[in-house]
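In what follows, a structure is listed as structure tokens, so that the remarks can point back to it.
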Number of protein chains: 2
Amino acid sequence: MTTAETKDRILETAARLFHEQGFNGTGVSTILREADVNAGSLYHFFPSKEALLLGVLERYRHLLHPVVMAPVEAATEDPIGRVFALLQQYRDWFAPLNFTMGCPIGNLALELADSLPGVRELVRANFDGWSGFVEKWLKEAGDRLPADADRGQLAHLVLTVMEGGLMQARARASAEPYDASVRQLRRYFDLLEDQAARQRRPGGRRR
Amino acid sequence: MTTAETKDRILETAARLFHEQGFNGTGVSTILREADVNAGSLYHFFPSKEALLLGVLERYRHLLHPVVMAPVEAATEDPIGRVFALLQQYRDWFAPLNFTMGCPIGNLALELADSLPGVRELVRANFDGWSGFVEKWLKEAGDRLPADADRGQLAHLVLTVMEGGLMQARARASAEPYDASVRQLRRYFDLLEDQAARQRRPGGRRR
DNA sequence: AACAATGTTGAGTGATCATTCAAATGAATT
DNA sequence: AATTCATTTGAATGATCACTCAACATTGTT
């Protein structure tokens, strides 16, 4: 059993348990039992439970591209299509869990952003990764969106819909609030594309 | 010191501490100290910490109208204006807290929706209250919005923007993600109103 | 004034919390 | 084979956890 194996198993188990039960709701003893590791081993790699949490957040950050974004970009070419492919893939991930778990990062953000120093920065880094991809896609959409529609703001809105929609889906144990929000976001983008199309053909008048 | 006073002080203190530190992050002993109450007193009114949480959520539900919605309706007549007045009032409330605290209900929703039975139902009841008002306003907007724009879905979107926007504002310690999302939501509503106006004057062509 | 019901006191319960550490083991280098 | 360093073992630590309870005080009823 190599070094990397044990450390990875600890990180993976901790990530799962923090996601399922929250940080304060997860005891170190539970992590030890489920990862099949002794206390000393864990504390050999991580000086504290908090350091373990930071490791988990670092891990999420590294997994963002290979696990989340690469599949989306592989499945969809169209840049605006990628935005909604991401929203769909997110839904496909959380819906089968019966709405028993929220966003792994968002949960930790709300539970700990203020009480633990360092957490907020890593949460922000994670969100920056997510919104960075969305913003990149929206920029690639070029003049299909109105020039005055701020890509950064739109990317924020997309993330907002993901996180807020999942929160309400969880509270209601139903995908409906998420789906409703995504459908409205879709309509918004359709209207923006209409507007941009009209701007591209100045003969079309109206706005 | 009447009965109601002690019980209220416990509920108020618990609500504040749960909001600041989360449910699992708040010890009963802290509640006792800050509410200046003995353990036996608390357990006289609430059989468990969980029951206390349910009391807190009930309290939020009862305060929704007098504390949140009545001021909005008093300050703004226009139904669509009320939606954005609510979003603004929400911002005015959380921004001065330096983004150290999220939505009291949303936080608990994400921390506990699954682990504690009963919590989810009360969280849902709270969210239903919020979205109920928004949906009512959107219905009052009548034909200012397109007939095929589902008012319930739009209300979900508004709540989604509130919760998701605040989550990201907190993670970034800045109101910017919230403001960006609200601005985009504003633009969406503007586009919807344009569309509805065109539908009302069929001579206007185009869509 | 007597009584019952409701509310309060606060020390004490066992369980679980995150964490420590000296000793044993494993792997890599010389 | 000897040495070194990283890793693992697992029992033990004191602190804090949610919670209990028997005694006492207060309030309301008759």
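A note on names: the letters A, B, ... follow the listed sequences, proteins ahead of strands, and every chain is numbered from 1.
Residues B:Trp130 and B:Tyr90 form a side-chain contact, since some pair of their non-hydrogen atoms from C-beta on lies under 4.5 Å apart. Using a 4.5 Å heavy-atom threshold, the side chains of A:Ser181 and B:Gln153 count as separate.
A:Ile10 places its CD1 atom 10 Å from the P atom of D:dT9, with the value rounded to the nearest Å. Atom-to-atom, CD of A:Gln21 to C1' of C:dC17 comes out at 14 Å; the value is rounded to the nearest Å. A straight line from CG of A:Asn38 to P of C:dT19 spans 17 Å, rounded to a whole angstrom. Residue B:Asp36 contributes atom CG, which lies 12 Å from atom C1' of C:dT8 at whole-angstrom precision. The distance from atom CZ of B:Arg33 to atom C1' of D:dA18 is 15 Å, rounded to the nearest whole Å. The distance from atom CG of B:Asp8 to atom P of C:dG7 is 13 Å, rounded to the nearest whole Å. When the P atom of D:dA11 is taken as reference, atom CG of A:Leu32 falls 13 Å away, rounded to whole Å. Between the CD atom of A:Glu50 and the P atom of C:dC17 there is a distance of 18 Å, given to the nearest Å.
Close to D:dT20, at under 4.0 Å from its OP1 or OP2, lies no side-chain N or O of B:Tyr43. Contact annotation: A:His44 does not reach the phosphate of D:dT8 (side-chain N/O to OP1 or OP2, under 4.0 Å). Within the 4.0 Å cut-off from OP1 or OP2 of D:dT7, not a single side-chain nitrogen or oxygen of A:Thr6 is found. For A:Ser29 and C:dT16, the shortest distance from a side-chain N or O to OP1 or OP2 is not below 4.0 Å.
Checked against C:dA18, D:dT7, D:dG10, the side chain of A:Lys49 finds its nearest nucleotide in C:dA18.
Using a 3.5 Å distance cut-off with no hydrogens or angles, the side chains of B:Tyr188 and A:Gln184 do pair a donor with an acceptor.
If you find the closest nucleotide of DNA chain C to A:Asn24 and to A:Ser41, the one lying nearer the 5' end belongs to A:Asn24.
Counting any heavy atom pair closer than 4.0 Å across all strands shown, B:Thr26 reaches sugar-phosphate atoms only and no base atom. A:Val28 comes within 4.0 angstrom of a base, heavy atoms only. The residue A:Gly40 sits close to a base: some heavy atom pair falls under 4.0 Å.
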Check your understanding: Can you check salt bridge (Lys or Arg N to Asp or Glu O under 4.0 Å) on B:Arg151 and B:Glu135, steps first, answer last?
Key -> CA-CA 6 Å; B:Arg151 269 62 173 169; B:Glu135 190 172 345; over 6 Å; no
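Cation-pi geometry between A:Arg186 and A:Phe84 is satisfied (NZ or CZ under 6.0 Å from the ring centre, within 45° of the ring normal).
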